[in-house]
Amino acid sequence: MALHKLTLRELSDTFGKGEVTAAEIVRAYTLRINQVEPKVKAYISQIKDAAMVQAEALDQKLKGWRRTMPLMGMPLAIKDNICTQGVLTTCASRMLATFVPPYDATAIARLRGQSYLLLGKTNLDEFAMGSSTENSAFGPSRNPWNLSAVPGGSSGGSAAAVAADECVAALGSDTGGSIRQPAACCGVVGLKPTYGRVSRYGLVAFASSLDQIGPITKDVADAAMLLNVIAGHDAWDSTSANLPVPDYTKALKKKDVKKLRIGVPREYFAEGLDPEVEQAVMAAVEELKTLGGEIKDVALPTTNAAVATYYLIATAEASSNLARYDGVKYGLRSKQNKTLLEMYMKTRQEGFGPEVKRRIMLGTYALSAGYYDAYYAKAQAARTLIRQDFEAAFCEVDLIVTPVMPTPAFKLGEKSEDPLQMYLSDIYTISVNLAGNPAISIPCGFSKTGLPIGLQLIGRPFEEETVLRGAYAYEQATDWHKKRSTVR
Ligand code: GLN
């Protein structure tokens with residue numbers, strides 16, 4: 001049995017029945033990682049040896065006893081901006097190149113509570129700033145479907161690792177699309193939960209009012225399984241919602257979307273959308289109609305302000321959050337400086353890459369006296385309008401369906417010299433973060449050149465179940481999710 005080809009649900013069942021040991025699982029994944037990782041470069045650090053030690057201990061503990069928790073013995077990869085106690089967490093930045101967190105993020109503590117196995121930490125755009133994983137201080141990851149294309153970003157390492165079968169599932173983070181967008185590029189499933197659904201404690205902050213941790217998986221059922229474990233209130237995150245967590249796998253019982261009203265926002269099908277992507281998404285809308293959904297036009301008129309609004313708010317929050325990297329508290333400190341100010345400046349000059357510096361400057365500018373009202377306050381007002389657009393649309397429909405990316409994955413280097421072009425590729429995902437809603441990306445087709453295309457389903461706040469139900473119904477009716485990259 002090729003263990004690395006199984007989904008999380010299949011592997012968990014197999015393990016639960018005692019048909020395979022944790023050590024065998026780690027061995028299979030070690031082989032697979034050794035085989036493809038030199039090409040894909042999904043990981044920043046691999047800790048397969050530590051995973052093996054854990055696996056053997058787990059097997060020992062389980063001997064003759066086999067009622068396991070769903071994630072027990074499951075080999076996962078974690079985006080390297082999520083703190084893992086005792087395991088290097090770099091944020092793909094020189095600033096944190098040697099940072100070993102003394103604690104686990106809450107999402108990680110919950111996985112650990114089920115005895116999951118950590119295979120390694122995955123690559124990302126530095127501090128999750130980017131849409132291609134090219135902004136990593138450790139070099140880019142590659143798209144398993146085409147090694148000269150980007151895997152998307154910023155959780156590109158996690159998406160590539162799942163797509164290349166280098167882990168059974170992964171966690172990413174999404175501030176403006178960083179889970180959904182790489183999932184779309186790599187032909188896997190990525191779920192951004194509602195803001196507040198999953199604790200942000202231990203997620204290295206980029207833009208605190210937008211950031212969310214979420215699953216990247218091989219299929220929709222796996223996303224539900226993983227969300228079950230990481231979701232829920234956490235006293236360590238004051239923005240986490242104190243609401244009950246349903247069993248998300250129950251949302252998968254229905255294989256249709258009967259009685260669901262599904263909105264298609266015309267603003268998302270305007271200029272700039274690649275015809276192949278448009279065709280694939282419209283075919284998916286037809287499929288949802290066949291499955292019993294009632295398709296309706298909806299309007300999200302403030303869409304044209306989304307990119308500008310996001311890049312003011314996200315950079316403003318980033319400039320504040322990243323002030324902590326000053327050479328004193330964490331990570332890198334530049335040596336042999338004459339004054340304290342020089343130490344601060346050199347540390348930041350050496351520690352941050354160009355995109356992070358650009359964002360700190362943009363954000364600082366937007367927050368500075370005299371410009372605050374013109375930029376930051378205006379962006380906050382626009383954010384409210386964007387949220388109200390979604391609220392109005394969700395009075396008429398239960399789900400909104402859109403593309404994830406305007407184009408399939410682009411070539412490495414194609415947009416890295418032009419930040420504005422890179423920012424524009426976020427147009428379909430960032431409004432969802434500004435509004436706070438949950439959204440999923442699932443595979444819905446391929447370009448002529450064989451690159452995956454993603455479909456986005458957006459739901460009302462805290463209605464992840466509806467999002468999962470719609471996604472699952474579509475997935476069961478199609479076989480895009482069964483196609484695997486051929487990297488070997
Ligand atoms: N691409 C967006 C950005 O660069 C979103 C990144 C993210 O979601 N972390 O900010």
Side-chain angles (χ1 to χ4, degrees), residues 78-82 91-93 122-136 140-141 150-159 170-185 190-193 195 198 200 203-216 306-322 352-363 366 379 383 403-407 409-410 414-416 418-441 454 456:
I78 305 293
K79 187 176 183 180
D80 210 20
N81 62 348
I82 301 175
C91 290
S93 180
T122 52
N123 201 12
L124 64 151
D125 288 295
E126 185 175 3
F127 286 102
M129 297 175 186
S131 315
S132 67
T133 313
E134 292 168 294
N135 296 335
S136 165
S141 300
V150 300
S154 66
S155 315
S158 286
L171 289 188
S173 72
D174 192 312
T175 303
S178 280
I179 287 175
R180 290 159 284 159
Q181 208 247 25
C185 287
L191 173 66
K192 182 201 90 76
Y195 184 77
V198 176
R200 289 184 297 111
L203 168 64
V204 179
F206 160 13
S208 312
S209 77
L210 302 160
D211 300 338
Q212 266 295 287
I213 294 175
I216 298 182
V307 173
T309 304
Y310 170 86
Y311 276 95
L312 283 166
I313 291 176
T315 57
E317 293 186 17
S319 73
S320 164
N321 274 327
L322 271 61
F352 291 137
E355 182 60 27
V356 173
K357 286 180 186 152
R358 187 177 298 124
R359 298 210 185 190
I360 292 173
M361 287 191 284
L362 268 170
R383 180 177 190 171
V404 180
M405 284 264 286
T407 63
F410 40 87
E414 192 179 318
K415 296 193 183 181
S416 45
D418 187 349
L420 198 58
Q421 275 307 314
M422 194 70 94
Y423 298 170
L424 288 172
S425 64
D426 301 334
I427 175 74
Y428 302 131
T429 49
I430 49 186
S431 299
V432 176
N433 299 72
L434 290 165
N437 298 46
I440 200 168
S441 169
Q456 176 168 241

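Indexing begins at 1, ligand by ligand and atom by atom, following the structure's order.
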Does Asn123 form a side-chain hydrogen bond (donor to acceptor under 3.5 Å, both in side chains) with Thr133? I'd like the steps, not just the answer. CA-CA 7 Å; Asn123 201 12; Thr133 313; over 6 Å; no
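A heavy-atom distance below 4.5 Å is found between the side chains of Arg383 and Leu210.
Between the side chains of Lys79 and Ser173, at least one donor N or O sits under 3.5 Å from an acceptor N or O.
In this structure, Ser441 contributes its side chain and Arg180 its backbone to a donor-acceptor pair below 3.5 Å. Judged by distance alone, the side chain of Asn135 and the main-chain N or O of Met129 form a donor-acceptor pair under 3.5 Å.
For the pair Tyr310 and ligand 1, a heavy-atom separation below 4.0 Å is found. In this structure, Met422 does not count as a contact residue of ligand 1, since none of its heavy atoms falls inside 4.0 Å of the ligand. Not a single heavy atom of Ala314 lies less than 4.0 angstrom from ligand 1.
Phe352 and Phe127 have perpendicular rings, their planes meeting at more than 60° on a 0 to 90° scale where under 30° would count as parallel.
Close approach to Gly176 involves these atoms of ligand 1, each under 4.0 Å from a residue heavy atom: 5 (C), 7 (C), 8 (O). Near Ala128, with a cut-off below 4.0 Å to any heavy atom, the atoms of ligand 1 are 6 (C), 7 (C), 9 (N). Atom numbering of ligand 1 starts at 1 in the shown order; those under 4.0 Å from a heavy atom of Met129 are 4 (O). Taking every heavy atom of Ser131 and a limit of under 4.0 angstrom, the matching atoms of ligand 1 come to 1 (N).
Of all protein heavy atoms, the one closest to atom 6 (C) of ligand 1 is Ser178 OG, 2.8 Å. For atom 3 (C) of ligand 1, the nearest non-hydrogen atom of the protein is Tyr311 OH, 3.2 Å.
At a 4.0 Å heavy-atom cut-off, ligand 1 touches Phe206 through the side chain alone. With a 4.0 Å heavy-atom cut-off, ligand 1 is reached by no atom of Lys192. Contacts between Asp426 and ligand 1 below 4.0 angstrom, taking non-hydrogen atoms only, involve the side chain exclusively.
Between Leu203 and the choices Leu171, Val198, Thr175, Asn81, the side chain to side chain contact (heavy atoms under 4.5 Å, CB included) rule is met once, by Asn81.
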